[in-house]
Amino acid sequence: MNWRRPAISIWNIKIVDIPLSGYNFYEKLKSWWTQSSLCNAMGMIRFMLPCLFCLENCKERDRKISEEQSHRENNGGDERTENLASRSNEQSEQCCGSNGICSHEVLRDGDRDSASKVVPNKFARKASFKLSWWCKGDQSDQHKHDIVSFERGNITTAERSSKQISLKWESQPQTVIILTKPNSTSVRILCAEMVRWLREQKKLDIYVEPHVRAELLTESSYYNFVHTWKDETEIMLLHTKVDLVVTLGGDGTVLWAASMFKGPVPPVVPFSLGSLGFMTPFHSERYREYLDSILKGPISITLRHRLQCHVIREAAKNEYETEGPILVLNEVTIDRGISSYLTNLECYCDNSFVTCVQGDGLILSTTSGSTAYSLAAGGSMVHPQVPGILFTPICPHSLSFRPLILPEHVTLRVQVPFNSRSHAWASFDGKDRKRLAAGDALVCSMAPWPVPTACQVDSTSDFLNSIHDGLHWNLRKTQSFDGPRDT
Ligand SMILES: NC(=O)c1ccc[n+]([C@@H]2O[C@H](COP(=O)([O-])OP(=O)(O)OC[C@H]3O[C@@H](n4cnc5c(N)ncnc54)[C@H](O)[C@@H]3O)[C@@H](O)[C@H]2O)c1
Ligand SMILES: Nc1ncnc2c1ncn2[C@@H]1O[C@H](COP(=O)(O)OP(=O)(O)OP(=O)(O)O)[C@@H](O)[C@H]1O
């Protein structure tokens with residue numbers, strides 16, 4: 001019987017390929033020894049070299065595993081480490097398996113052109129690197145977060161930042177504030193009913209606006225237990241007392257609620273008593289059912305980003321107005337007001353010149369506000385959980401001015417140039433108009449205090465329901481089946 005010793009290919013070179021003849025083991029060994037002795041020196045070198053490389057390779061892999069393990073330990077996960085470790089074990093098993101040559105280790109990254117031919121590209125490795133968030137002006141490493149991981153030279157996002165957020169109470173909510181749309185009889189009736197139910201059934205402390213408390217008391221002295229506030233200072237402290245904000249009205253009431261909180265905002269439960277109700281997913285008729293479940297938790301939350309705006313007066317160069325930043329949930333608009341001239345606004349993003357807006361004005365909008373004024377001015381609709389700033393011109397006198405969406409971390413500056421023919425006007429969520437004279441600027445960036453609004457289902461379902469039900473987005477009669485068609 002003839003048998004052949006298996007050919008061993010390393011780096012595309014055949015080391016030994018020896019036909020053996022004879023029937024007993026001694027014969028075979030002798031024959032092998034005689035023939036192989038000629039190339040023993042070369043053979044040994046060729047044999048040992050790959051093994052050394054293999055050893056280096058194993059060391060490198062072990063180092064990677066321990067790095068991966070410590071990274072995983074820091075991040076609480078171990079799946080990838082396990083995978084890597086098991087891959088490594090598999091490979092070491094093969095590596096130290098029956099032939100003991102570990103060729104696959106040396107050839108691991110090689111491109112096979114046939115069963116035995118391998119391209120020697122093992123050492124053409126890509127340089128490893130790491131990407132991370134970087135906050136401008138941030139001297140320390142505190143705010144740097146890994147956003148990508150390096151896996152065999154490929155960039156991959158480690159984690160998505162905006163997942164569905166869920167709020168779970170750790171203790172029972174005690175205090176609720178109810179904010180209502182003014183001058184509405186249906187809202188007033190519902191408010192009185194809700195206050196009674198929350199008090200009697202849920203044993204909660206309730207806050208309302210001063211004029212609402214007065215209205216309730218004219219109805220009955222029963223409502224004496226309802227709390228309110230006296231001045232701005234007490235409003236500033238509301239967030240420290242209130243567990244939940246309930247709004248009864250339309251989107252304007254949600255904007256109103258948001259504007260009351262200049263810092264942190266408690267979770268807002270918006271009941272719909274308006275015409276559009278883009279941000280108000282809760283039907284007021286079923287308030288008991290909804291509030292019951294919300295008070296128990298958990299609640300799906302949409303974290304609605306806000307913009308913080310500063311007006312910088314040329315007269316008081318580089319000083320913010322004393323009243324501090326103005327927070328907007330929808331948008332800040334800089335327009336021509338009553339002036340009949342084109343606005344002329346110079347826009348900068350992190351000090352880089354963006355463009356000069358010549359038209360009716362400019363909207364800097366949050367993604368929540370993307371379905372409001374910005375939409376009417378031709379901006380995109382953006383899911384509210386997407387962190388970004390919309391840069392939407394109003395009637396630009398240019399054929400090529402398309403709206404932009406900028407990343408959340410930028411600071412925008414809109415400046416009225418000295419040669420401007422007119423003043424500009426800034427308004428904040430459609431309110432509080434401020435005149436911007438030549439040389440004045442508005443500086444705008446993402447605020448650190450978002451508005452957490454409770455979802456009826458979840459962020460995405462609520463958003464899609466709003467654009468379908470509220471805006472009748474892409475509503476079209478379905479084409480009938482009978483008619484021309486592909487054969
Ligand atoms: N041309 C326009 O579309 C236009 C003009 C001025 C103001 N607005 C918007 O009105 C907002 C102020 O709202 P208000 O209720 O105090 O004034 P309002 O009573 O005049 O209502 C404006 C309308 O915008 C809707 N709206 C508000 N926020 C929305 C949002 N995030 N998504 C979808 N629709 C929304 C409201 O439901 C309402 O129907 C401003 O922030 C601005 O976005 C729009
Ligand atoms: N508590 C409040 N105090 C003062 N003004 C309020 C209050 N709540 C809402 N508003 C203002 O009242 C206006 C109308 O409110 P809202 O948008 O809620 O009602 P709506 O116009 O009936 O609803 P929709 O906008 O859906 O048609 C808005 O401009 C809003 O800023």
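When reading the values below, keep in mind they use all heavy atoms of this one structure, side chains included, and skip hydrogens, waters and symmetry mates. First listed ligand is number 1; within each ligand, the first listed atom is number 1.
Applying the 6.0 Å contact sphere to CG of N224 captures more than 12 heavy atoms from other residues, nucleotides or ligands. Within 6.0 Å of OH in Y222 there are more than 12 heavy atoms belonging to other residues, nucleotides or ligands. Within a 6.0 Å sphere centred on CD of E200, heavy atoms belonging to other residues, nucleotides or ligands number more than 12.
Taking 4.0 Å as the cut-off between side-chain N and carboxylate O, D335 and R433 count as a salt-bridged pair. Ion pairing between R288 and D292 fails under the 4.0 Å rule for side-chain N and carboxylate O. Using a cut-off of 4.0 Å between Lys/Arg side-chain N and Asp/Glu carboxylate O, E289 and R286 are scored as salt-bridged.
Residues S352 and D350 have side chains that never bring a donor and an acceptor to within less than 3.5 angstrom of each other. Donor-acceptor pairing under 3.5 Å is recorded for the side chains of Y348 and E346. No donor-acceptor contact under 3.5 angstrom links the side chains of T228 and R213, judged on distance only. Side-chain contact check for T411 and S445: no donor-acceptor pair (N or O, by modelled atom type) lies under 3.5 Å.
H227 has its ring centre less than 6.0 Å from the ring centre of Y207.
Those atoms of ligand 1 that come under 4.0 Å of a heavy atom in F278, given as number and element, are 32 (N), 33 (C), 34 (N). Atoms of ligand 1 lying under 4.0 Å from any heavy atom of M279, numbered from 1 in the order shown and given with element: 31 (N). Residue P182 has at least one heavy-atom neighbour below 4.0 Å for each of these atoms of ligand 2: 2 (C), 4 (C), 5 (N), 6 (C), 7 (C), 8 (N), 9 (C), 10 (N). Against a heavy-atom cut-off of under 4.0 Å, T180 is close to the following atoms of ligand 2: 1 (N), 2 (C), 7 (C), 8 (N). Using a 4.0 Å cut-off to heavy atoms of G277, the atoms of ligand 2 that qualify are 26 (O). Below 4.0 Å from some heavy atom of G250 lie the following atoms of ligand 2, by number and element: 16 (P), 18 (O), 19 (O), 23 (O), 26 (O).
The protein heavy atom nearest to atom 24 (O) of ligand 1 is L276 CD2, 4.9 Å. In this structure, atom 32 (N) of ligand 1 lies nearest to the protein heavy atom T371 OG1, 2.8 Å. In terms of protein heavy-atom proximity, atom 16 (O) of ligand 1 is closest to K431 NZ, 3.5 Å. Counting only heavy atoms of the protein, atom 4 (C) of ligand 1 lies nearest to Y373 CD1, 3.5 Å. At the top of the distance list for atom 31 (O) of ligand 2, counting protein heavy atoms only, stands K431 NZ, 3.0 Å. Scanning the protein for heavy atoms near atom 28 (N) of ligand 1, the closest one is N330 ND2, 2.9 Å. Ranking protein heavy atoms by distance to atom 35 (C) of ligand 1, first place goes to D251 OD2, 3.4 Å. Looking only at heavy atoms of the protein, atom 3 (O) of ligand 1 is closest to A376 CB, 3.3 Å. Given atom 14 (P) of ligand 1, the protein heavy atom at minimum distance is G252 CA, 4.0 Å. The nearest heavy-atom contact from the protein to atom 19 (O) of ligand 2 is K181 CD, 3.0 Å. Nearest non-hydrogen protein atom to atom 27 (O) of ligand 2 is S275 OG, 2.4 Å.
Ligand 2 lies nowhere less than 4.0 angstrom from a heavy atom belonging to L255.
For atom 21 (O) of ligand 1, the nearest protein heavy atom lies 4.0 Å away or farther. Protein non-hydrogen atoms do not reach within 4.0 Å of atom 11 (C) of ligand 2. Less than 4.0 angstrom separates atom 2 (C) of ligand 2 from at least one non-hydrogen atom of the protein. In this structure, atom 21 (O) of ligand 2 is not in close contact with the protein, since no protein heavy atom lies within 4.0 Å of it.
For the side chain to side chain contact (heavy atoms under 4.5 Å, CB included) with Q174, the qualifying choice from D243, V242, L244 is D243, the only one to do so.
Contacts between L255 and ligand 1 below 4.0 angstrom, taking non-hydrogen atoms only, involve the side chain exclusively.
Not one N or O of G249 is nearer than 3.5 Å to an N or O of ligand 2, by distance alone. In terms of N/O distances under 3.5 Å, ligand 2 is approached by L276. Residue L273 has no nitrogen or oxygen atom sitting less than 3.5 Å from a nitrogen or oxygen atom of ligand 2, judged on distance alone.
Looking at F391 and T355, their side chains come closer than 4.5 Å, going by heavy atoms from C-beta outward.
Between the choices S365, A372, G250, S368, the shortest heavy-atom distance to atom 29 (C) of ligand 1 belongs to A372. Within the set G252, S259, G470, the minimum heavy-atom distance to atom 28 (C) of ligand 2 is found for G252. When K181, M381, E331 are ranked by how near their heavy atoms come to atom 40 (C) of ligand 1, first place goes to E331.
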| said: I'd like to know whether C309 forms a side-chain contact (heavy atoms from CB on, under 4.5 Å) with C444, so could you lay out the CA-CA distance, the side-chain angles of the two residues, the decisive distance to 0.1 Å, and finally the verdict. | reply: CA-CA 4 Å; C309 312; C444 174; 4.2 Å; yes

| Step by step, would you call K241 with E234 a salt bridge (charged side-chain N to carboxylate O under 4.0 Å, His left out)? | CA-CA 10 Å; K241 301 177 188 164; E234 284 190 43; 5.0 Å; no

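Relative ring orientation between F463 and H383 is described as tilted, the plane-to-plane angle lying within the 30° to 60° band.
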